[in-house]
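Comments concern the structure below.
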Amino acid sequence: MMDKATRLKVALQKSGRLTDNSLDLMVRCGLKYSRGKDQLMCYGENMPLDLLFVRDDDIPDLVQQDVCDLGIVGLNVIEEKRLAFQAKGVQPLFDQLMTLDYGKCRLSIAVPDGVEYKDARSLHGKRIATTYPNILARYLRQRDVQAEIVTLSGAVEIAPRLGRADFICDLVSTGSTLLANHLWEAETILESQAAIITTPVPVSAEKQDWIHRLTMRIDGVQQVKE
Ligand code: ATP
Ligand code: ZN
């Protein structure tokens with residue numbers, strides 16, 4: 001049952017926006033599982049596949065370190081980590097297997113009410129608060145804009161009111177959080193949705209077979225829903 005060489009280990013978000021959909025997807029793919037006592041893992045009973053529940057931010061690292069073979073996480077987190085690993089010269093890097101039809105949101109530049117914004121050049125010389133410094137830095141670099149990135153671990157939307165930043169770069173889905181914080185969405189810098197990533201380390205033929213089977217089943221599940 002615990003054989004690392006043959007059982008696939010899949011990292012999922014423990015509790016958050018991706019959790020229900022990710023678990024539901026596994027069940028629709030036919031997985032029957034039993035919960036471990038510690039709530040940290042679920043063990044597949046009819047497939048050689050176990051689930052590990054962690055914070056979403058830890059998923060790319062767990063897959064990169066080959067602790068897990070697969071991980072389901074937002075493209076926003078995937079892209080941010082990929083850029084961070086690349087900057088450190090880490091290779092080979094985890095791979096992106098497929099995107100999923102949930103967890104849709106966008107990473108956008110948001111501006112305080114009453115402040116003007118025309119295009120990326122409006123950011124020149126300003127401070128922008130974000131939890132995605134690498135994605136934002138790439139965006140600014142590509143547009144030749146110099147700005148100060150203020151990296152925060154959370155509560156980015158209140159940074160302008162606290163005087164810590166002029167603009168923010170944060171995730172948006174409905175825009176209600178922005179509205180509540182007197183901000184408006186000026187520009188999208190990344191469209192995001194959930195995706196599956198795979199370990200950079202070659203897997204056994206058996207595991208590869210199950211990864212293939214899983215992708216086929218996910219394709220089937222997603223087509224039914226369309
Ligand atoms: P964790 O405790 O796992 O670190 P978290 O607070 O970072 O959780 P959630 O808010 O649950 O994460 O969001 C998980 C992912 O859901 C995001 O990284 C993003 O890909 C996606 N998502 C979809 N809509 C939104 C939204 N409106 N705001 C934030 N994230 C969203
Ligand atoms: Zn997180």
Side-chain angles (χ1 to χ4, degrees), residues 9-26 35-36 38-42 50-65 67-68 70-85 93-112 128-139 149-161 165 167-198 218 222 225:
K9 203 185 271 185
V10 184
L12 301 185
Q13 189 186 23
K14 188 183 174 81
S15 123
R17 288 181 153 99
L18 302 177
T19 307
D20 289 352
N21 282 313
S22 300
L23 207 47
D24 189 55
L25 179 64
M26 291 298 124
R35 271 199 186 265
D38 50 10
Q39 305 288 309
L40 181 71
M41 289 199 70
C42 278
D50 301 319
L51 307 173
L52 179 72
F53 294 95
V54 294
R55 288 199 52 199
D56 68 342
D57 317 76
D58 294 335
I59 293 175
D61 302 83
L62 288 167
V63 173
Q64 180 64 31
Q65 292 158 10
V67 175
C68 292
L70 304 177
I72 299 184
V73 62
L75 287 176
N76 50 310
V77 174
I78 294 173
E79 208 48 31
E80 179 64 22
K81 294 283 182 172
R82 196 203 314 270
L83 292 169
F85 281 132
L93 272 188
F94 63 78
D95 238 339
Q96 195 174 306
L97 188 62
M98 67 194 300
T99 54
L100 303 170
D101 61 7
Y102 58 88
K104 294 201 170 131
C105 59
R106 49 202 188 273
L107 185 63
S108 294
I109 302 286
V111 180
I128 313 161
T130 189
T131 41
Y132 300 91
N134 288 288
I135 297 175
L136 178 59
R138 179 181 57 183
Y139 175 82
I149 298 174
V150 180
T151 305
L152 302 178
S153 54
V156 169
E157 65 281 357
I158 63 169
R161 261 185 298 155
F167 300 99
I168 70 166
C169 168
D170 204 8
L171 292 180
V172 186
S173 53
T174 61
S176 58
T177 306
L178 292 186
L179 201 66
N181 287 284
H182 309 287
L183 299 160
W184 57 279
E185 188 176 0
E187 195 146 16
T188 296
I189 76 169
L190 183 84
E191 298 277 359
S192 186
Q193 64 198 93
I196 304 188
I197 52 172
T198 63
I218 292 171
Q222 297 202 138
K225 279 203 278 180

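Whatever order the structure lists ligands and atoms in, that order sets their numbers, starting from 1. Numbers here simply count residues along the sequence, with the first being 1. In this text, all values refer to a predicted model and were calculated from it rather than measured experimentally.
- Contacts of Asn76 with ligand 1, taken as heavy-atom pairs under 4.0 Å, involve the side chain alone.
- Close approach to Gly16 involves these atoms of ligand 1, each under 4.0 Å from a residue heavy atom: 11 (O).
- Counting protein heavy atoms only, atom 24 (N) of ligand 1 is closest to Cys105 CB, 3.5 Å.
- Among all protein heavy atoms, the one lying closest to atom 30 (N) of ligand 1 is Leu171 CD1, 3.3 Å.
- Every atom of ligand 1 with a heavy atom of Leu18 under 4.0 Å away is listed here by number and element: 15 (C), 16 (O).
- The single protein non-hydrogen atom nearest to atom 27 (N) of ligand 1 is Ser173 OG, 2.5 Å, given as residue, atom name and distance.
- Considering all non-hydrogen atoms of both residues, Val73 and Asp56 come closest at CG2-O, 3.6 Å.
- For ligand 1, the atoms closer than 4.0 angstrom to any heavy atom of Gly74 are 20 (O).
- Between Ser108 and Glu185, the side chains place a donor N or O and an acceptor N or O closer than 3.5 Å (distance only, hydrogens not considered).
- Of all the heavy atoms of Gln193, none lies under 4.0 Å from any atom of ligand 1, so neither backbone nor side chain is involved.
- In terms of polar-atom proximity, defined here as any N/O pair under 3.5 Å, Ser15 makes no such contact with ligand 1.
- Under the 4.0 Å distance rule, the nearest protein heavy atom to atom 4 (O) of ligand 1 falls inside the cut-off.
- The protein atom (non-hydrogen) at minimum distance from atom 11 (O) of ligand 1 is Arg17 N, 2.8 Å.
- Taking a cut-off of under 4.0 Å to the non-hydrogen atoms of Lys104, the atoms of ligand 1 that pass are 23 (C), 24 (N).
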